[in-house]
Amino acid sequence: MSISPQQLRDLAARAEALATEVRALCDSAPEAAAERDPLRAARHAADWLDRGGEDLQRAAGDLARIRSLLERRCGIPWGVCPEHGNTLSYSVNVTTCRVCGRTWERDRRGQPCQERVTWKVTDRAGTVTTMCDGHVLGARATTQGATFTRLDAELPQP
């Protein structure tokens, strides 16, 4: 089962609505009523529902950020071998990695890269480029003074 950020947001809204309903119910008891003291526990539960709703909203935001990173594609204008980088050759509608021999039934080298983004590369001027594992191999070899950050290192930890 896949959990969506919207499902978490919906639960957060339900927690908020329930907390509001509990408070309204507690406020409806007369000041001098004998029930006022036991209703303190209900008010306390409403506070916990509020905190739970906030946590659910935060979890929804974290999940949305993680999904956006995991779903982004490299998009650099040429393809590479995901394991070995710029090692592709192309002939008669087949692209082959010259290192591992893996093949693709298309011109992978001549099309924008569709691998998942896994790195953030920041050059000396501060320009940030996101790229896949295969493209980062070439960037490490040719870019001096750049910072390479693995994107999963930036994701929230459990």
Side-chain angles (χ1 to χ4, degrees), residues 1-24 43-158:
M1 177 180 165
S2 180
I3 299 170
S4 73
Q6 188 57 49
Q7 287 172 303
L8 294 174
R9 287 186 199 100
D10 291 345
L11 288 172
R14 288 171 49 198
E16 181 182 319
L18 188 54
T20 300
E21 188 177 339
V22 168
R23 285 193 182 93
R43 286 183 181 280
H44 186 65
D47 293 342
W48 280 105
L49 285 166
D50 282 338
R51 285 187 212 118
E54 291 167 5
D55 288 346
L56 286 165
Q57 287 286 9
R58 195 170 16 267
D62 289 346
L63 183 58
R65 278 188 293 285
I66 288 168
R67 287 230 174 122
S68 72
L69 286 174
L70 295 177
E71 292 170 358
R72 286 181 42 207
R73 300 292 167 202
C74 182
I76 290 181
W78 63 93
V80 293
C81 173
E83 293 181 51
H84 302 103
N86 194 15
T87 57
L88 301 181
S89 62
Y90 176 74
S91 178
V92 193
N93 293 327
V94 176
T95 302
T96 306
C97 173
R98 293 185 304 272
V99 176
C100 66
R102 182 175 174 187
T103 61
W104 294 267
E105 300 293 321
R106 59 185 168 81
D107 182 9
R108 183 177 176 95
R109 190 177 62 169
Q111 300 295 318
C113 183
Q114 293 300 304
E115 294 295 316
R116 187 171 56 85
V117 166
T118 51
W119 290 90
K120 176 175 77 171
V121 180
T122 308
D123 67 15
R124 281 191 265 199
T127 303
V128 174
T129 305
T130 56
M131 59 184 68
C132 66
D133 288 339
H135 277 103
V136 85
L137 293 171
R140 284 187 188 277
T142 59
T143 309
Q144 293 186 354
T147 303
F148 295 85
T149 306
R150 181 100 183 153
L151 289 176
D152 56 10
E154 294 186 342
L155 298 178
Q157 300 301 312

For residues 129-137, please give each side-chain donor-acceptor pair under 3.5 Å, one per line with the distance, not counting sequence neighbours.
residue	atom	partner	partner atom	Å
T130	OG1	R72	NH2	2.8
D133	OD1	T118	OG1	2.7
D133	OD1	W119	NE1	2.8
D133	OD1	R150	NH1	2.7
H135	NE2	W78	O	2.9
H135	NE2	W78	NE1	3.3

Please output the side-chain donor-acceptor pairs of residues 8-21 that fall under 3.5 Å, not counting sequence neighbours, one pair per line with the distance.
residue	atom	partner	partner atom	Å
D10	OD1	Q6	NE2	2.8
T20	OG1	E16	O	3.0

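Going from atom SG of C74 over to atom CD of Q114 covers 9.0 Å, rounded to the nearest 0.5 Å. With rounding to the nearest 0.5 angstrom, the CG atom of L56 is 11.5 Å from the CG atom of L63.
The ring pair (Phe, Tyr, Trp, His ring centres under 6.0 Å) contacts involving residues 81-109 comprise nothing, where partners must be two or more places apart or lie in separate chains. Here side-chain hydrogen bond (donor to acceptor under 3.5 Å, both in side chains) pairs that include residues 44-53, with residues two or more places apart or in two chains, are R23-D47, R23-D50, H44-W48.
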- Check step by step if side chain to side chain contact (heavy atoms under 4.5 Å, CB included) holds for T87 and V80. CA-CA 7 Å; T87 57; V80 293; over 6 Å; no
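Panel note: side chain T95, backbone R106; a donor-acceptor pair is recorded below 3.5 Å. One N or O on the side chain of T143 and one on the backbone of A139 form a donor-acceptor pair closer than 3.5 Å.
Checked against salt bridge (charged side-chain N to carboxylate O under 4.0 Å, His left out), R43 has the following partners two or more places apart in sequence or in another chain: D27. Shown here are the salt bridge (charged side-chain N to carboxylate O under 4.0 Å, His left out) partners of E115, two or more places apart in sequence or in another chain: R108.
Between T122 and T149 there is no side-chain heavy-atom pair separated by less than 4.5 Å. At least one side-chain heavy atom of R102 sits under 4.5 Å from a side-chain heavy atom of P82.
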